[in-house]
Amino acid sequence: MFWQQVVNGLTLGSTYALIALGYTLIFGVLGIVNMAHGEVFMFGAFVGLLLVTTFQLNIFVAILGAMIVGCLLGVILEQAALRPLRRRSVSHLAPLISTIGVSIFLESLALRIFGPQAQAFPASVAGQLLSIGPLKISSVQILILAVSFGLMLILRFWLQKTRIGKSLRATAENIETANLLGVNTNKIIVMTVALASGLGAVAGVLVGLAFNAVEPTMGVTMGFKGLAVLIMGGLGNVTGAMFGGIILGIAEVFSVAYGSSSYRDAVAFGIIIIILLWRPQGLFGAQKGGH
Amino acid sequence: MLKVQGMVTSYGNIKALQGIDLHVPAGSIVSLIGANGAGKSTAMKTIVGLLKPDAGQIIFQGQEIQGLPAYKTVALGMSLVPEGRQILANMTVLENMEMGASQRRDAEIDDDLEKMFKRFPILRERRDQLGGTLSGGQQQMLAIARALMARPKLLLLDEPSMGLAPLVVADIFQVIQEINEQGTTVLLVEQNARQALKISNYAYVLETGKIVLHGQADDIAQNPRVKEAYLGGTKRK
Ligand SMILES: Nc1ncnc2c1ncn2[C@@H]1O[C@H](COP(=O)(O)OP(=O)(O)O)[C@@H](O)[C@H]1O
Ligand SMILES: [Mg+2]
């Protein structure tokens with residue numbers, strides 16, 4: 001029972017981590033909270049669903065397709081809502097408002113295209129239940145765990161070891177210095193927003209699969225959870241987002257299993273508040289606020 | 001190598017540079033001295049493209065470069081070691097140096113890293129430590145090594161001696177001279193005018209956004225006005 005809940009918690013938590021990484025990457029580089037991230041996540045879920053149902057594609061291809069569409073949305077978001085505000089000395093709240101605008105636009109667009117009702121993935125994708133000793137794992141859970149942990153590992157490696165990954169970290173630390181060292185920081189910023197949005201879109205497909213429901217409003221609650229993880233993990237900290245997401249997922253699953261499902265969010269956010277009282281800078285945040 | 005003509009740069013309504021002319025011949029060390037707030041850093045940032053000038057020309061190796069972003073002037077052969085060093089504190093010493101070569105695609109980057117480690121043995125010792133853990137002097141060495149990793153033809157240094165102990169300052173000036181002897185042209189900004197003038201060929205004196213004096217470094221060092229304002233009066237020899 002206990003280990004079963006751990007597995008369920010890890011599965012849910014890994015999707016939270018993936019969502020939170022999107023917030024974290026953008027916060028790290030631009031110092032802003034992208035309020036449209038939840039809606040990019042929702043759009044990704046619909047694209048994945050559409051590719052599986054209408055286009056009859058395999059779920060892996062659908063995830064890849066959602067990622068590509070997510071990246072494109074990211075590029076558009078950056079060009080339309082972030083870049084125009086960057087050049088001028090506008091209030092740092094301006095991007096918050098402009099990304100809220102994009103989020104409202106995307107939600108309305110999804111309502112128009114896909115309708116308000118929740119839609120499910122076909123039964124063929126859900127797959128069967130595997131038993132490993134006392135544990136029961138569905139093939140969807142395995143898929144979610146594999147894709148999200150796989151992506152997190154690749155992201156970590158990419159940030160640590162590759163030239164572009166290092167340029168991204170340098171840009172996140174100090175845009176002016178990165179520029180001085182020869183990094184085209186505008187290009188890095190577009191790439192970061194695209195990457196964050198691509199990860200968000202994949203998370204959308206995975207969450208859609210996990211709850212077997214995809215609907216235009218799904219980005220709102222998930223967006224808030226991702227934001228909570230961003231703050232809990234330490235603003236802009238990649239490791240923090242990964243661990244924070246998993247902690248939130250496990251806390252939620254355990255509060256349902258050993259308490260009552262109606263307290264699920266209360267317990268989870270209660271834990272976040274306790275963590276923040278103990279470490280106001282977040283689990284992995286620097287002692288002094290960075291930006 | 002570098003010619004600046006009538007360069008004007010503002011922050012909003014404040015004109016920090018009111019039309020300055022500079023000339024940095026290939027192979028020389030030219031210093032730009034002046035009090036705090038005179039506009040020295042603004043001049044350096046405008047030259048490398050971190051700030052856009054309102055007016056004037058910046059000609060580097062015969063090419064007009066005003067308005068080019070900094071990442072492009074690096075590729076042309078200019079590197080700025082910024083005021084306060086600006087080490088990437090969360091990246092390792094090695095990563096900082098690799099970032100210096102971020103525009104390069106040639107095969108000699110590793111050779112150059114080795115050369116830097118030879119010149120600055122302390123950086124080899126600390127190569128896997130985070131940049132933020134180094135002392136001020138070590139950070140200055142790292143900032144210089146990082147800038148040299150771009151193989152600049154013109155190295156711009158903004159107050160490299162700031163906040164360092166006298167012994168370390170002597171080391172830094174020694175290194176600057178060596179770099180110059182190996183063929184890199186240097187434009188040096190300093191408040192430590194005495195030391196700067198000692199190693200320079202030519203000097204400019206900047207006051208509230210205007211060049212008020214320029215000439216051979218030796219002549220500038222003998223100028224009574226300079227002695228009074230920047231060399232701590234005539235008492236100290
Ligand atoms: N980012 C900025 N915004 C507004 N004013 C600035 C800024 N940076 C510098 N200044 C002003 O421009 C003038 C020149 O500054 P600076 O170039 O940093 O001088 P220096 O390097 O010679 O000490 C000063 O009056 C300073 O207050
Ligand atoms: Mg200065």
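By convention in this document, chain letters (A, B, ...) are assigned in the order of the sequence lines, proteins followed by strands, and residues within each chain are numbered from 1.
Dense packing is recorded around CZ of A:Phe284, with more than 12 heavy atoms of other residues, nucleotides or ligands lying under 6.0 Å away. Annotation for B:Lys52: atom NZ counts as buried by contact number, over 12 foreign heavy atoms lying within 6.0 Å.
Of the two parts of B:Lys72, neither the backbone nor the side chain holds a non-hydrogen atom closer than 4.5 Å to a non-hydrogen atom of chain A. Heavy atoms of A:Ser167 lying under 4.5 Å from chain B belong to its backbone as well as its side chain.
The stretch residues 74-96 of chain B places B:Val74, B:Leu80, B:Pro82, B:Gln86, B:Ile87, B:Leu88, B:Ala89, B:Asn90, B:Met91, B:Glu95 near chain A, each with some heavy atom under 4.5 Å from a heavy atom of that chain. Against chain B, the residues from residues 148-166 of chain A that qualify, each with a non-hydrogen atom under 4.5 angstrom away, are A:Gln160, A:Arg163, A:Lys166 in number order.
Looking at B:Tyr71 and A:Asn179, their side chains come closer than 4.5 Å, going by heavy atoms from C-beta outward.
To the nearest 0.5 Å, atom CD of residue B:Glu98 and atom CG of residue A:Leu181 are 12.0 Å apart.
Closest heavy-atom contact between A:Gly182 and B:Gln103: O-NE2, 2.8 Å.
Heavy-atom pairs under 4.5 Å with chain A were tallied for B:Leu50, B:Val48, B:Thr73; the largest tally goes to B:Leu50.
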